Amino acid sequence: MSDKVVLAYSGGLDTSVAIKWIKERYGLDVIAFTVDIGNVANLESIRQKALDLGAIEALVTDAREIFINSFVFPALQADAIYEGQYPLATALGRPLIAQLMVNIAKKEGATAVAHGCTGKGNDQVRLDVSVAALAPELKIIAPAREWNMTREQTITYAQQHNIPIPITKASPYSIDENLWGRAIECGILENPWNEPPEDVFAWTKGLKETPAQPCYIEIGFEKGIPTSLNNEKLNSIMLIQKIHQLAGEHGVGRIDHIENRLVGIKSREIYEAPASTVLLKAHQALEDMVLTKEQLRFKNKVAIEYADLVYNGLWFSAFRQDLSAYVESSQRYVTGTVKVKLHKGNCQIVGRKSPYSLYDYSLATYDKGDVFDQSDSPGFIHIWGLPVRTQAQVQSPFHQES
Ligand code: ARG
């Protein structure tokens, strides 16, 4: 009996070729493993395909709920957006896939895990580092990083080995998608001067097709977690799917990003992230209302660190645990409702309310009912300005010599 390897199997060309290639090259028995985190159309046919290609076993799992509750929502609470643009959909999926692969490897007594990532991207780093954190004894095989085949050569290999190549018109793009977003790369997008053609987009409508009338939605949060839409309580998957559909209909969530990969390459990435765009914006709007100025400033810094470490494959690190502890603590009053207007590609926050709001009408108003005592201000300003006055007397470049 040969040793076993657990291969993260998508059903696509590369991982299908990998089933045969690993057997040929390493003599290992392949257990194909497919995870649905909101991207898989037909789990059963993928499973069957893996078996037909010679996998000794083919396992599938629906991990959408754990993906949302244990990876996506913590990142939402952190306001994690890489380089101010990318909501990290793919990056959040990888550590979960690694974790599930490791679990299966242990259960099945496999000595290795394998994935279809190339040697140029971030995903190899995320998977390899996560596997190493969870099960350092497992060997990692990455055929696409080792076999040095061009796309053409991969297709030839597939033909020679009777591997069915998807007959659907081959997409010129490389696409990865899950419930939190869709990433599109390659083809004419590799010239950053080219505007993305409409055929790149599958989740969001172009502006010409979006409704003339805006759509208003109300999102309810409890401790930083979205729990309702238009006053209806929804489970996490339903909530994301409904917001996805509404925002996509109004063309919200298209992102065009020149991104800095961990391996040092700048790449041009197109994202469609209707649900994440809306939820991240709404969550921040609620935080603006319930957190103090200092909490918000510090949390902004945490958000940058958090996004970087997720992007860089360090989900299973002590640093992430520590930042998560801060983030979770910061969310204890992030409860309330945010009103969002979706219209012609824009997602605008137009209202917010919370039982823990720090916005105090009687302090803010310029109308009747004002309780702010303006006669306190001169004394406050006198002391506030003391160091400036002191410095101005002896050092200031603004001081006029007479
Ligand atoms: N650039 C994004 C990231 O690093 C998306 C990667 C998409 N992956 C893919 N296999 N097409 O997270």
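What you are looking at is a predicted structure, and each value in this text was computed from that prediction instead of being measured.
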Would you say the side-chain atoms of [X] and [Y] include a donor-acceptor pair closer than 3.5 Å?
| X | Y | value |
| --- | --- | --- |
| Ser16 | Tyr9 | yes |
| Thr204 | Glu272 | yes |
| Glu249 | His244 | no |
| His257 | Glu83 | yes |
| His115 | Asp128 | yes |
| Lys344 | Thr210 | yes |

Residue pair [X] / [Y]: nearest heavy atoms and the distance that separates them:
| X | Y | value |
| --- | --- | --- |
| Gly248 | Pro274 | N-CB, 3.8 Å |
| Asp256 | Gln85 | O-OE1, 3.6 Å |
| Arg320 | Leu314 | CB-O, 3.8 Å |

**OP:** Begin with the C-alpha distance, continue with both residues' side-chain angles, and end with the deciding distance and a verdict on side chain to side chain contact (heavy atoms under 4.5 Å, CB included) for Val5 and Thr111.
**Re:** CA-CA 6 Å; Val5 54; Thr111 53; over 6 Å; no
Looking at [Y] and [X], is there a salt bridge between them, counting it only when a charged N and a carboxylate O are closer than 4.0 Å?
| X | Y | value |
| --- | --- | --- |
| Arg94 | Asp123 | yes |
| Arg254 | Glu198 | yes |
| Lys293 | Asp288 | no |
| Lys299 | Glu287 | yes |
| Glu185 | Arg261 | yes |
| Asp52 | Lys49 | no |
| Glu190 | Arg268 | no |
| Glu44 | Arg47 | yes |

Does [X] [atom1] have over 12 foreign heavy atoms under 6.0 Å away?
| X | atom1 | answer |
| --- | --- | --- |
| Glu328 | CD | no |
| Glu65 | CD | no |
| Lys242 | NZ | no |
| Glu195 | CD | no |

Hey, what's the ring geometry for [X] with [Y], parallel, tilted or perpendicular (30° and 60° as the breaks)?
| X | Y | result |
| --- | --- | --- |
| Trp315 | Tyr306 | perpendicular |
| Phe298 | Tyr326 | perpendicular |
| Tyr157 | His161 | parallel |
| Tyr82 | Tyr311 | parallel |

Subject >> Derivation and outcome, side chain to side chain contact (heavy atoms under 4.5 Å, CB included), residues Tyr26 and Lys139 >> reply: CA-CA 12 Å; Tyr26 289 98; Lys139 187 172 150 44; 4.1 Å; yes
Subject >> From CA spacing to verdict: side chain to side chain donor-acceptor pair (under 3.5 Å), Ser267, Glu269 >> reply: CA-CA 6 Å; Ser267 73; Glu269 303 277 334; 2.8 Å; yes
Nearest 0.5 angstrom please: [X] [atom1] to [Y] [atom2], how far?
| X | Y | atom1 | atom2 | value |
| --- | --- | --- | --- | --- |
| Ile22 | Leu28 | CD1 | CG | 7.5 Å |
| Ile97 | Phe33 | CD1 | CZ | 8.5 Å |
| Asp370 | Tyr361 | CG | OH | 9.0 Å |
| Ile349 | Gln284 | CD1 | CD | 9.0 Å |
| Arg182 | Leu179 | CZ | CG | 14.0 Å |
| Ile140 | Leu127 | CD1 | CG | 8.5 Å |

Original post:
Which is it for Ile255 and Ile270 under the side chain to side chain contact (heavy atoms under 4.5 Å, CB included) test, yes or no, and what are the steps along the way?
Top reply: CA-CA 6 Å; Ile255 298 160; Ile270 302 298; over 6 Å; no
**OP:** Test Thr335 against Val290 for side chain to side chain contact (heavy atoms under 4.5 Å, CB included), laying out the working first.
**Re:** CA-CA 8 Å; Thr335 294; Val290 300; over 6 Å; no
Original post:
Within a strict 4.5 Å, meaning less than it, do heavy atoms of the Val338 and Val340 side chains meet?
Top reply: yes
**OP:** Please report the C-alpha distance between Thr90 and Asp176 in whole Å, then the side-chain angles of each, then the deciding distance to 0.1 Å, and finally whether the side chain to side chain donor-acceptor pair (under 3.5 Å) criterion is met.
**Re:** CA-CA 7 Å; Thr90 300; Asp176 184 69; 2.7 Å; yes
Subject >> Phe221, Tyr356, Tyr333 screened by side chain to side chain contact (heavy atoms under 4.5 Å, CB included) with Leu286, the one that passes >> reply: Phe221
